[in-house]
Amino acid sequence: MAVYLCISFVPLLLFFNTIMISIRDYFQSDRQNKLSTSVNIIASTITKANYFSHLGDESKRLMMDSDIAEFSAQGSYRILVMDNYGMVLNDSNNAEVGRTKIIPEVKNALERKNANAIKTHTSEKTIYAAAPIENEASEIVGAVLVVSSIEDIFVSVSEIEQKLIMYTAITTLVMGVLVFAVSHVLIDPLSSILSVVQKMSDGHWDQRIKINGRDEYAKLGHAFNEMAEKLEKVDNTRQEFVSNVSHELKTPLSSIKVLSESILLQDGAPVQMYREFLQDINSEVDRMTRVVSDLLQLVKLDQGGLGLNIQTANINTMVSDIFKRLIPLAGQRDIGLTFEDVREVFIEADEMKLASAISNLVDNAVKYTPNGGSVKVTVDADHQNAFITVSDTGIGIKEEDQGRIFDRFYRVDKTRDRETGGTGLGLAITYSTVRLHNGSIRVVSKENEGSSFIVRLPIHFIRGD
Ligand code: ADP
């Protein structure tokens, strides 16, 4: 507000000052010009009347007196007639007759310094204007001095000044109010954004900016709120992730603790019991190892495309290898494995990571399909993308769970899925891998009927940021 006022108020003051000086100068120089003309007319009238050659002539003197009185009345100024020595011969005020006065303007007129024979005396508020009087031989014999008051100019100028002061004050007031209002309009939204930002930097992620209107501030507010939402989500995910990891590791650790304590407390337990308990402990350790190795795999994927080892990979061979590994398990459970390779597809990818991603899908399909069901993998491509579809006739996934199954540690049926040996990280690994290859994955599923996971991968790898 101070800046705005300075910008508008200082020029206004300068403008005001300049205007007042110009007005006063204009009036004064106008009056000087008029007086200069008048004094010259009076001087030439006296010159023509030849007054100075007949100083003793009473009738001439009376004529002169009346002329001067008339000029003085007309122009409302005082007229003095002086001789070469400064003696006042005639005074329209009749005050100084017979006295000798030394007046610079008169002196200058007597010396024909016409330019300096007129001067404004601001302190006395008068103008002195003098002009020489000549005789028949064009010799200077005296001078006329006109003394005019400029009080009226001062009065007019101060009237104008008062009006201007009033206008300036009103303008300043109106401007002040406007500036105050505008500064509020400009500053208020910024202050509220700032206070929200400060609260957020103190860790209050739930803070949001209140948005009014559709101006640039509103856009800034929207962008900021979106960013805040993402940050809050990231923070929540991080907390959830840490608590999930702790929980996943705590469960097997508690089992190990219970198992080992119960053997230690039993004196002389049979060897068979030791063996059984150690087997259980061993499988809990395996479970922890699986969780930790899956987590490490995810951490590597989170580091982005830098860790990828891109080569040309044959998807068909990849799927055949996965099938070879799964045939014994599928056979045991009487699950039919079908591989529909529509065409041979080569893509640029990190073969190891991609194989593990697809393997997670096929493992899940077998794992979540009851005995006697079937699992089918289809490999196809167009000129840009490869498509890998893994379908099963298994338990399916409820619609409300379909959006969350790619989240880390998310399991539809917590207890049952843990029993199946899954870590809840398989689909998260698959999702991250596919995304790193600039592909996409989606699920189509119906409860108790089966699921299909459709993966799309660009044939040519484009390295992202
Ligand atoms: P898990 O190691 O538990 O299998 P995943 O991340 O691989 O973890 O899968 C997450 C969850 O998604 C599983 O716990 C399961 O509930 C569900 N799921 C995954 N694949 C299938 C499928 N083919 N059919 C039914 N449910 C599935």
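We count residues from 1, following the sequence as given. Atoms within a ligand are numbered from 1 in the order they appear, just like the ligands themselves.
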Chemist: Indicate yes or no: at least one non-hydrogen side-chain atom of Y217 is less than 4.5 angstrom from one of I209.
Modeler: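 Not in contact.
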Chemist: In terms of atom number and element, which parts of ligand 1 are under 4.0 angstrom from non-hydrogen atoms of R411?
Modeler: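 Contacts of ligand 1 toward R411, numbered from 1: 3 (O), 14 (O).
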Chemist: Quick check on contacts: which atoms of ligand 1 are under 4.0 angstrom from a heavy atom of G426?
Modeler: 5 (P), 6 (O), 7 (O)
Chemist: Any atoms of ligand 1 less than 4.0 Å from a non-hydrogen atom of I405? List them with their elements.
Modeler: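 Once the distances to I405 are compared, the set is 10 (C), 12 (O).
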Chemist: Among V390, V412, D407, which one puts a heavy atom closest to atom 17 (C) of ligand 1?
Modeler: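 The option holding the nearest heavy atom is V412.
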Chemist: Is the number of heavy atoms from other residues, nucleotides or ligands under 6.0 Å of E399 CD greater than 12?
Modeler: no
Chemist: Taking N or O atoms only and a 3.5 Å limit, does G424 qualify as a polar contact for ligand 1?
Modeler: yes
Chemist: Within a strict 4.5 Å, meaning less than it, do heavy atoms of the K219 and E216 side chains meet?
Modeler: yes
Chemist: Quick one: which of L457, I347, V455 gives a side chain to side chain contact (heavy atoms under 4.5 Å, CB included) with H437?
Modeler: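 Checked L457, I347, V455 against H437; only one passes side chain to side chain contact (heavy atoms under 4.5 Å, CB included): L457.
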Chemist: Heavy-atom distance to atom 6 (O) of ligand 1: which of L427, D392, T430 wins?
Modeler: L427
Chemist: Quick test of your reading of the structure: of D401, V291, N364, whose heavy atom lies closest to atom 19 (C) of ligand 1?
Modeler: N364
Chemist: Does F406 have a non-hydrogen atom less than 4.0 Å from ligand 1?
Modeler: no
Chemist: Of K119, H121, K113, which meets side chain to side chain donor-acceptor pair (under 3.5 Å) against E105?
Modeler: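 Running side chain to side chain donor-acceptor pair (under 3.5 Å) over K119, H121, K113 with E105 returns exactly one hit, H121.
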Chemist: Check whether any side-chain heavy atom of V196 lies under 4.5 Å from a side-chain heavy atom of F224, and answer yes or no.
Modeler: yes
Chemist: Would you tell me which option among Y431, Y368, F409, Y410 has the nearest heavy-atom contact to atom 4 (O) of ligand 1?
Modeler: Y368
Chemist: Could you grab the distance from atom NZ of K230 to atom CH2 of W205, nearest 0.5 Å is fine?
Modeler: 14.5 Å
Chemist: Under 3.5 Å between any N/O of K367 and any N/O of ligand 1: does that happen in this structure?
Modeler: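 Such a contact does occur with ligand 1.
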Chemist: Under 4.0 angstrom from ligand 1, any heavy atom of N360?
Modeler: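 No, N360 has no heavy atoms under 4.0 Å from ligand 1.
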Chemist: Mark the output for G396 as yes if a heavy-atom distance to ligand 1 is under 4.0 Å, and as no if none is.
Modeler: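 True for this residue.
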Chemist: Do we see a donor-acceptor contact under 3.5 Å between the side chains of T423 and E248?
Modeler: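 Judged by distance alone, the side chains do not pair up.
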